[in-house]
Structures are given as structure tokens and as C-alpha cells.
Amino acid sequence: MATTIIGFPRIGENRELKRALEKYWKQEINQAELKQVAQELKEKNWHKQAEAGLSYVAAGDFSFFDNLLDLANLLNIVPKRYQKLGLDALDTYFAQARGYQSKQASVKALPLKKWFNTNYHYLVPEFDDQTIIKIQDSFFFEDVEQALVQHNQVKASLIGPFTLLKLANFTGQKQANDFVPAIIQAYQDIFKRLSQTKLAWLQIDEPALVFDLTKEDRQLFNKLYQELLSEKHSFKVNLQTYFGDVRDVYTDLLALDFDGIGLDFVEGKESLALVQEHGFPANKTLFAGVLNGKNIWRNHYSKTVSLLKELPVRNNLVISTSSSLLHVPYNVENESELSEDIQGHLSFAYQKLTELHDLEGIFFRGETEAQFKNDQLFENIKHPTNQNVTTRLQQLTEADFIRQPERAKREVIQKKRFNLPELPTTTIGSFPQTQDVRTNRSRFRKGEISQAEYQTFIDEKIKRIINWQEEAGFDVLVHGEYERNDMVEYFGENLDGFVFTKKAWVQSYGSRAVKPPIIWGDVSRKKAITVATSVYAQSLTNKPVKGMLTGPVTIFNWSFPREDISAKESVTQIALAIQDEVLDLEKNGIAIIQIDEAALREKLPLRKTDWYSQYLDWAIPAFKLVHSKVQESTQIHTHMCYSEFNDIIQAIDALDADVISFEASRSDLSIIDELKKHHFETEVGPGVYDIHSPRIPSAEEIHGIIQNILAKLPVAKVWINPDCGLKTRAEADVFTSLENLITATRETRAALRKD
Ligand code: GLN
Ligand code: ZN
């Protein structure tokens, strides 16, 4: 009987790591100072775990940027272009993470990708034909050794070879299988090195086992571990999985020579059935992930204890988290501005440590007090409900989700109404948030300027940007989103049912952290949110100005959800609130409304078999509900922030929007072929200018991209726009790029007329 966690946050309770990294990158502190900050953070984490009474302290989970990048560097999987820079190990590492620019050299960063179904992002390791795998000196070893100086029982974690090979890119002739012998050798070398220490457990993370696996995947996995485990080692090995269940390899896990197996009983829908059906060997330890590592709510001990009782394991059982606690904030005690009631129901990383200890006491030693108190908490839980919301949801019928008439008919009506030129030009919504925008917002928040003064400032910005767009020659304008800090927070603050934290930061990637709002009660619209701003912007011009909203799925996916009601119910509540706003905008003369679904893909289940049944079956209807009631002549746009939707194209068309814009310029426009193949009906604006890079595209370059698009899609279906909001860019760059976009479009139109 024991307790542990899979991993802990590292950004720092006060974002100390973020600050230190940014200072180091600006050369304001040196490497020793940066390492000192890291050391303090690690020691504090270990101390907290020991203090909470956990059996093992987790080491090896720290990272200066990303754990998969750490592993790649530990194994010398570092492309030549970074090695050639001649930097020391840590700076070579940061060059891969962030790119590197000097007078002599300029290299881009490795690609950043979403880590499974979380909002954390990892760097994609790159193997090429020159890659020579061999272990390098790494702070991983230091980390383990330091933990062992201070604590007796240490569990170190390392991402496993299967997940590494599944997530990496192979840019040469050699593929994953070609690297298998060298990788096995390298992990065995790691084993040897760790065997010189008093390490208790090595946790090898293999989250890639929760994907739908092929026969080849299984073979690869088995080959890796049969050989790897044949090397003698002084510590025990736990094969750890998370973010789902391992239905495709569970029996293989049992047959292999692992000392422990870590399973996720929270997101792993079939985990319990697997252990019950196939049993669990008496000579192995089960690391039971029963405490949710991703949510922020208190654990309901009675339920968790019942689950533990159903496991066919008694002695060799470790109570653990379902995933690393990396995905939750640090400490509820930092949120003293929330009501005591709300605070009482929250559990962040520190609180989860205590919960593990409580569960151990209840389950192994029959302690009753903590359980009794916890039961009371759940008996008294009162998420604020709203009878109106309940009634509205109950009264929904299928017709409420279907916009009439069908899209093809609306297209004709809208073409007539707006009378836009061919290849209409527009932007995604935000314009650069220049220093004056940020200063004024912060002064307004601090009460240094009045609401009226702030509004005057925003109105001036709107007027200026409307004029600029008119002069530049855009067809459909935007108001610039100067009043918004963040596309979800802005709406959350104006909806009932959301609460906001002060310090509940969660790492998104590297030094970046986000502070998601918490959905606490039934969601409804308090009052009109964007109407005054949109009406004002529209009053300044005869061209249409798009109303600009964030969609329900994105608001939901970028918040911490409630668990007392289903995701479907919660997202439908949000959809109705946004529907109110849509109809209000329409009533006030806004003829084009964009509903952004930047994060639609975010929570797509990891297994394809679950895509519709677990997610799209409620996500698509939620979006449809938002716009189903508008007039046929009102044009609904949506925007998505990623180009990787080849595999969900039909779902996107099913949203039944009139126009969609998306990121495309960075990818090879292969999506256009897919759109064609699937007879995509929605009009499309594949981004012709990559706003994620500071580069300014020339008119010729954009012209070329437009040609490529028109080679495959009918002119009547195409819009011309950048690929995302312009908020983060410099104004001068944006203006030049957009002028080039207009020039390129005009040239294309002129050529079309000649044909
Ligand atoms: N309308 C938003 C903007 O332009 C969209 C942001 C996004 O896609 N992330 O900023
Ligand atoms: Zn975007």
C-alpha cells in the first residue's frame, strides 16, 4: 500500500520558472542563476510531496521547456542544424525549443504540437539519417541524484521509447524501426546509470499506448520492451499510461517483465473492465490512477474508494493520479478572493497530494473522519442553477438545431444582399494590441481611468482601424477586438456561471501558461456583450462589419468544466447564451456574424472510434444551435486555428456555417485537395498569410498562393484573408502584409476578368 503522483507542475506557484526563463533568454540572468531557480522549484515540489505523506517522491518530471525535448536531447536526437550552432547543451536545447537567430545563423524552432488531449504542447523530435543515438549527460540524472540526497523513496520518470517513436518526425529515409536497436541500447545505458543509485522505481511513460493501435504498433512495442527489460537493473520498472485505456495491449503488458503497471481509471473507460476480465498478476504492482490529474474539483472519496474496492488487487497497490498534475494549477489557497463555498470544492495540485494521503488512510486503514467530512461536502454541493436555463434546455427540439433554408439557397440570397466582389477580402478579427491598448486596459482595471475614458479610447481605436481597412480596400471589415484581453475570458466575464482565478496558471508550453476560467454554475447571458461595440463600428462605414463572437465549444474547451452535469449539457447552455448574442446583433443591424471555434479540435477523443459518439455528436449541434435562428440573409462565418482538419472535414461542413476561415499557409495547402474530394460546401478562406511568423509576405508570394487555391476551388467559393487574428503582431508589419494581400487579390481579379 502506497501513494504517489505521475508528475507535478513546474512553472512555479508564482510562475517563477517563466520569469527566470524569460530573463535568461534576454540575458538578464546567467545559467547558474536559472539553474538555481529550477533547483528551488524541484526541491519545493519534493518537499510538498513528502510533507503530504506520499510514499514516493516524483523526480525526473522537471523540465526547462518540455519533457519530450529533454528525452530527445538525452538520447542525442538533435538535428545537425542545431548542433552546428556551437552552443552549449542548454542553449542548443533552447535553440530547438525557440529557434535561434544571430548575425551568423538563423534556425527555426522544432514544431510544437498538442500533447494528447491536453492544452499542453510538446516539441516534435526529429530523426534524420545522420541521427546517432547515444546517451548524453543530462540534468535528468542530476535531478534523480539530487532527489535521492534529500529523500529515501524516489520514483523517477522518463518518457518511453514507444511514445518517442510514435510522436517523432522522420525526415530521412530511415524510419522508426531502423532506430530500434540503438534506442534499446540507449535505454539500457540509462538503466545502467540509474542502477548505480538507490532509485526505488523508474516510471516509464507510454501514453501513446492509449491510441488505437495497429498490429505493427503492438509488435514494435513488444520488441522494444522484451529486449529493454532483459538488461539487469537495481530499481523496479513501472510502465505508466494515461489519458485513456490500453485495451489494445493490456495482455501484452501483463506478459512483459514490468514490476508495475500504471493505468488510468478516470479517462480510461475500459480500464476497470480490463483488469477485471484479464486479472492482474500477484507479482506486479498496480499504480491505480484514480485521482483525476486534470480536473480542479475535490475528489469524492466514497466513489473513489468503491472503485478501488472493485480492483482485483490488494497488496501490491499504489494509489496514484490519472495523469501528471502538470495540467492543474498549484494551490487553491492562492484564490482567497473566491467564496469559501467555491474554494471548498476546488482541488489543485497541492490539495490533490493531501487527497491521495486521505484516500490511503480511508482505503488501507479504514480511517473514517476524512471520508465523513468529504461526504458532507458532496451532500451540500450547490452549483448555482438557473431555472430559466433548465427550461430552455428541456424545450429544445431537433428543429432548434437546424438552420433554414439550406445553405445553397442562402448563398444565393446572401450574394445578392452583400454584392461583394469576387474573392472577398477580410481579416480574422483582432488587430495588433499595441502598447497603448494594453496600458489603457490595465489602467482601467486598476481604476486609474474611468469607464467613459476607457470607452472613448477604444472607440478611437475602432474608428482608426475601420478607416484603415476602408482605405486599404477590404470588403468585409472588423472592429479590431481592442476591448478583449482573451477570446474566452472576455465572454466568460460577461456570462453568468463562470468564475475567475487570480493565480491558477497552467503551463501551455515552455514559459507560457494560461489561466482558464472555471464553469461553476448554469451559464446564461447577463446582458448584451458585444452589441454596442459592433453597432458603433458599423455606424462608421457602409461596408459590412463582422460581429465577432467566440463559439460555445471553444469557450467550453478552454475552461475547467463542471462535472455534476454532462459536457453536452454544459456546452448547450453556453450555446444558448451565445445564441442570444447572435440574435441581438442581428436585430441591431449586424448582417455578418463570425463565431470563432478556434479550439474545436482540442478535445477530439484520442481514439477515432470515439470521435462521434463521445464528442462531435454534441459539439456540432452546439455550434448549430448558436446560429440556427438567424435570417436567411444573415451570413454566418466561423474560424478555426489549425490546418490539421483533413480528418474532420465532414464534421466541419456539418457546422452549417456560410463561410469558414482557417490556418493554411504554413501547411502545403493539401487540405484544399481534401475539401475538393469531400465536396465541401461552406465557402472558404484558407489563410494566405501566416500571421504566426514575423515575416512579411510579398504581393507576389500571396498571388502565388491564391493561384494555387483557385487551381482547385471554384472562385465563387473562395475568400481571401490572413490565417488567424493579428493581435500578437506589430502594427507596421501587419499593415504592409495586408496591403500586399489586397494588391495580390486585385491582380487576381483583374486577370480573372480578362479570361
Ligand atoms: N477572432 C479572433 C482574433 O482574431 C480569433 C482568434 C483565434 O483564432 N485564436 O483574434
Ligand atoms: Zn485563429
Side-chain angles (χ1 to χ4, degrees), residues 112 114 119 121 425-434 437-438 441 458 461-462 465-466 468-469 474 476-492 494 508-509 512 514 516 529-530 533-534 537 545-559 578 581-582 585 590 592-602 623 626-627 635-645 652 655 657 659-667 671 684-693 719-731 733-735 737-738 741:
L112 203 57
K114 243 170 70 65
N119 191 25
H121 299 74
T425 51
T426 191
T427 61
I428 307 305
S430 60
F431 268 78
Q433 298 237 334
T434 40
V437 176
R438 276 175 277 150
R441 183 182 306 133
I458 295 286
K461 296 298 286 186
I462 294 176
I465 210 66
I466 291 279
W468 186 87
Q469 293 169 83
F474 276 88
V476 173
L477 315 190
V478 297
H479 74 278
E481 298 181 31
Y482 296 108
E483 76 289 6
R484 302 183 192 178
N485 35 0
D486 171 278
M487 65 189 289
V488 169
E489 195 174 37
Y490 176 75
F491 285 90
N494 287 290
S508 168
Y509 65 90
R512 294 283 284 265
V514 294
I529 304 168
T530 63
T533 311
S534 287
V545 179
K546 288 192 273 192
M548 198 56 71
L549 307 174
T550 303
V553 185
T554 297
I555 294 180
F556 179 79
N557 283 353
W558 280 344
S559 303
I578 303 296
E581 186 72 9
V582 166
L585 283 170
I590 306 301
I592 303 185
I593 301 167
Q594 179 172 312
I595 306 158
D596 289 330
E597 282 294 12
L600 184 90
R601 207 177 192 288
E602 197 116 320
F623 185 88
V626 173
H627 69 93
Q635 192 168 65
I636 298 295
H637 289 220
T638 187
H639 165 72
M640 280 163 204
C641 275
Y642 37 80
S643 47
E644 273 181 54
F645 56 51
I652 290 172
L655 297 173
V659 182
I660 177 171
S661 59
F662 56 85
E663 183 191 303
S665 52
R666 270 212 281 199
S667 65
I671 182 163
V684 284
V688 296
Y689 145 38
D690 173 12
I691 71 96
H692 306 86
S693 144
W719 286 64
I720 305 297
N721 45 257
D723 71 348
C724 196
L726 304 164
K727 190 180 205 162
T728 55
R729 296 263 69 97
E731 207 169 57
D733 296 357
V734 160
F735 286 167
S737 303
L738 292 180
L741 179 150

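Start at 1 and go down the list; that is how both ligands and their atoms are numbered. Model, not experiment: these values are computed from the prediction.
- Considering backbone and side-chain N/O of His639, one or more are found under 3.5 Å from N/O of ligand 1.
- Of the heavy atoms in Glu481, only side-chain atoms (C-beta onward) come closer than 4.0 Å to ligand 1.
- Contact check for Thr530 versus Met548: no side-chain heavy atoms found under the 4.5 Å cut-off.
- Between atom 7 (C) of ligand 1 and the options Gly480, Cys641, Pro722, the minimum heavy-atom separation is to Cys641.
- Minimum heavy-atom separation, Pro432 to Val734: CG-CG2, 3.8 Å.
- Near Gly725, the atoms of ligand 1 lying under 4.0 angstrom from a non-hydrogen atom of the residue are 3 (C), 4 (O), 10 (O).
- Counting heavy atoms from C-beta on, the side chains of Thr554 and His639 never come closer than 4.5 Å.
- Heavy-atom contacts from other residues, nucleotides or ligands closer than 6.0 Å to OH of Tyr509 number 12 or fewer.
- Val476 approaches Trp719 most closely through the heavy-atom pair CG2-CZ3, 3.8 Å.
- Close approach to Gly429 involves these atoms of ligand 1, each under 4.0 Å from a residue heavy atom: 4 (O).
- Between Ser430 and ligand 1, at least one N/O pair is under 3.5 Å apart.
- Note on ring orientation: taking the six-membered ring where Trp is involved, the planes of Phe735 and Trp468 are parallel (angle under 30°, cut-offs 30° and 60°).
- Shown in contact with Ile428 at under 4.0 Å from a heavy atom are these atoms of ligand 1, numbered in order with element: 1 (N), 4 (O).
- Ranking protein heavy atoms by distance to atom 2 (C) of ligand 1, first place goes to Asp596 OD2, 3.3 Å.
- The atoms of ligand 1 that sit less than 4.0 Å from any heavy atom of Met487 are 6 (C), 7 (C), 9 (N).
- Rounding to the nearest 10°, we obtain 120° for the angle at the Zn ion (ligand 2) between Cys641 SG and His639 NE2.
- Between Thr427 and Gln594, the shortest heavy-atom distance links the atoms O-OE1, 4.4 Å.
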